[in-house]
Protein chains: 2
Amino acid sequence: MASIKDVAAEAGVSVATVSRVLNDHPSVSDDARTRVLAAVDALGYRPNAVARSLRTDQTRTLGLVISDVMNPYFTELARSVEEEARTLGYSVIIGNADERPDLQDHHVRTLLDRRIDGLLVSPTDGGSPLMLDAARGGTPMVFVDRWIPGVDVPVVRSDGRGAVRDLVAHLHALGHRRLAIIAGPAATTTGRERVEAFREALQAHGLELPDAYTGQGDFQAESGRRVTEGFLDLPEPPEVVFAADNLMALGALDAVRARGLRIPQDIALAAFDDIPWFVHTDPPITAVAQPTGELGRAAVRALVDRIEGRPPQSVTLPARLVVRRSCGEQPASPESAPAQNRSQS
Amino acid sequence: MASIKDVAAEAGVSVATVSRVLNDHPSVSDDARTRVLAAVDALGYRPNAVARSLRTDQTRTLGLVISDVMNPYFTELARSVEEEARTLGYSVIIGNADERPDLQDHHVRTLLDRRIDGLLVSPTDGGSPLMLDAARGGTPMVFVDRWIPGVDVPVVRSDGRGAVRDLVAHLHALGHRRLAIIAGPAATTTGRERVEAFREALQAHGLELPDAYTGQGDFQAESGRRVTEGFLDLPEPPEVVFAADNLMALGALDAVRARGLRIPQDIALAAFDDIPWFVHTDPPITAVAQPTGELGRAAVRALVDRIEGRPPQSVTLPARLVVRRSCGEQPASPESAPAQNRSQS
DNA sequence: CTGAAAGCGCTTACAG
DNA sequence: CTGAAAGCGCTTACAG
């Protein structure tokens, strides 16, 4: 592979001059520029990003560590992150933690070893020593979706409190009184917040959230199935199951189906996170939709601000309720979803 | 950030010795090793992968360029690729082409600039000059899922011919005679092969595939919707629509639903690529399932073989039919899927 | 405007 | 077993 030396030789100039034309340095003669460009073309030369990074101490690369790529919510997040980063001249390297703290650490370490310019993290847990060190130790960092309390790192996330209130109001209006939740891991902020928001919304209607109706999941489908089976085995099963993410909703669906029960006649189902498939499940599923793309873009902007020396800002965007048929028919509108529903588009 | 020099100073040895203990070189005294390790620990030293790569001319990194991360099939492929690569001591950087040749080239170029050790590609088109140059120009490369004919690059893919034959037999047995397909882009091998396999299978039953029943899609949901609408507008609409991937099936579902038609009573639907949601759609969708994880792992093994100087091997794995209810009830088994159906697990 | 030279952080023959 | 030195491919003050 041709190096800058080969180009210099071919063009009859020094490597310094080649470097200058490659980096659009103003003080290069037209003649030199022309010859260098011709040589670059002739040799099919491409600068070695590794060497450049070593010299400039920047990689123009962002690391993104997410908890689970297979979760469509995170896939979409990753996609919007890459898009915005590309617009700003950065590449992104994705590390998939698969909800495993050890894997998360593996990726953080690898990314740090590669000297990425900044790190976007949706932490799987409360923060390993490695992660905490990185956060405090000067690595530009931004939390997205989930975050770790007590660390001075900007957070870009969405607030589902209002949407969960709307959901509970909807369920209450439909006559449901025994509501259960499949929670995410307590080690994650989203795992805790969604349960709290649910509990608070219930209280506003004078309803309790008994322990028996709080199942511990891990944001993966299998746990949704397991918890739902537990609910169905109860002497008095809940009338509604609210899954704290879309994968656990998938597991819940599996469990309900395995028993031959019907949704919403036998049991109602709602989920946090909206995905295109929820329109076509049997029945279509009522969900809390996050502004995922906006979240990813805002997170990148905050991180790049931090990297480039501008003050980064935390951002909180509201989620919203998308009503479909999985909790029972709406008295008013027979339609499955509001006009604004983006997963229908 | 501490460098190897700092460690050497702290341990009272030369940087050469530090490098040796870090790389498990045998000729290092126990004493030196202990002191170096202590210094590494004290300083929290982590080797700079950028510098190491520049020196050794290898990055222990694989590039993976896929056509669309949002497609669950490719997400799963990416996940299995990363897993196998990690097992073999490699990292992977994913580039998402979004079915756009220009974006694909962008990622190939970026990856090459970073001097990745090898490239895994599922090409979006017939091969840009850049891609062709890379393939011929010595970059270790393996095609996965899709490939470019006429290039000497190993291919790891699955053969859906048998499964498509099974599908058509199934449809024929159900009494369907007017079968249509939503094809993928003709510039991709999978786009062409699935249509050919379908046509051949039809011929075996004495059926034709008229042009009006061959809609041109692009593997994205929107095209599935558009093509399906065209089919439904025909004076004599097809009895079955076969979508050449799962996203176009989603679009088809949208279109059918928008017209208020029922599946399978009004029109039957089948898809290439199986995903967990197909179990829970209304109705569950009959699909051709690829051994996605195996594909990803085999592709990595082939690429690493190539990188490390062993002869790489092309691999073709069979796909299989998963019968559900979207094409009509099975006369024999009332069950929605065979026992082996992995998307039920 | 241009080039010689230093240096980024490593690894690895080479000599001892 | 150990260290001094070269060199990977760049960029960038510095001097002219």
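By convention in this document, chain letters (A, B, ...) are assigned in the order of the sequence lines, proteins followed by strands, and residues within each chain are numbered from 1.
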Can you find a heavy atom in the side chain of B/T292 that is under 4.5 Å from one in the side chain of B/Y73? yes
Walking DNA chain D from its 5' end, the first of B/V13 and A/T56 to be reached, judged by nearest nucleotide, is B/V13
Under 3.5 Å donor-acceptor, A/D117 side chain and A/L62 backbone:
no
The answer to which of B/S14 and B/A51 contacts DNA chain D further toward the 5' end, by nearest nucleotide, is B/S14
task: Determine whether the side chains of A/Q104 and A/D125 contain a donor N or O and an acceptor N or O closer than 3.5 Å.
output: yes
Exceeds 12 heavy-atom contacts within 6.0 angstrom, atom CD of A/Q313:
no
Ordered by number, residues from residues 17-45 of chain A within less than 4.0 Å of DNA chain D (heavy atoms) are A/S19, A/R20, A/N23, A/Y45
Residues pairing under side-chain hydrogen bond (donor to acceptor under 3.5 Å, both in side chains) where one sits in residues 61-70 of chain A, two or more places apart or in two chains, turn out to be A/T61-B/R114, A/S67-A/R146
Min side-chain heavy-atom separation A/Y90-A/V304 under 4.5 Å: yes
Separation of D/dG9 atom P from A/N48 atom CG, nearest Å, is 7 Å
When rounded to whole Å, the CZ to P distance for the pair B/R55 and C/dA13 reads 8 Å
Separation of D/dC10 atom P from A/R46 atom CZ, nearest Å, is 11 Å
Dot-bracket for DNA chain D, 5' to 3', Watson-Crick and G-U pairs with both distances under 3.5 Å, [ ] for crossing pairs, | for partner on another strand, reads |||.||||||||.|||
request  = Using the P atom on both, measure C/dG9 against C/dA13 and round to a whole Å.
outcome  = 23 Å
Taken to the nearest whole Å, CD1/B/I4 to P/D/dA4 is 14 Å
Here the gap from B/D6 atom CG to B/L43 atom CG, rounded to the nearest 0.5 Å, amounts to 6.5 Å
In whole angstroms, the gap separating C1' of C/dA6 from CG of A/L54 amounts to 13 Å
- Message: Students often get this wrong, so: under 4.0 angstrom with heavy atoms, is A/D57 touching a base, only sugar-phosphate, or nothing?
- Response: nothing
Taken to the nearest whole Å, NZ/A/K5 to P/D/dT11 is 14 Å
(request) Please examine the side chains of B/N96 and B/F74, heavy atoms only from C-beta on, and report whether any two atoms are closer than 4.5 Å. (result) no
Atom CE of B/M1 and atom P of C/dC10 are separated, to the nearest Å, by 11 Å
Look at the side chain of A/N23 and the backbone N and O of A/H25, then say whether any donor-acceptor pair between them is shorter than 3.5 Å.
no
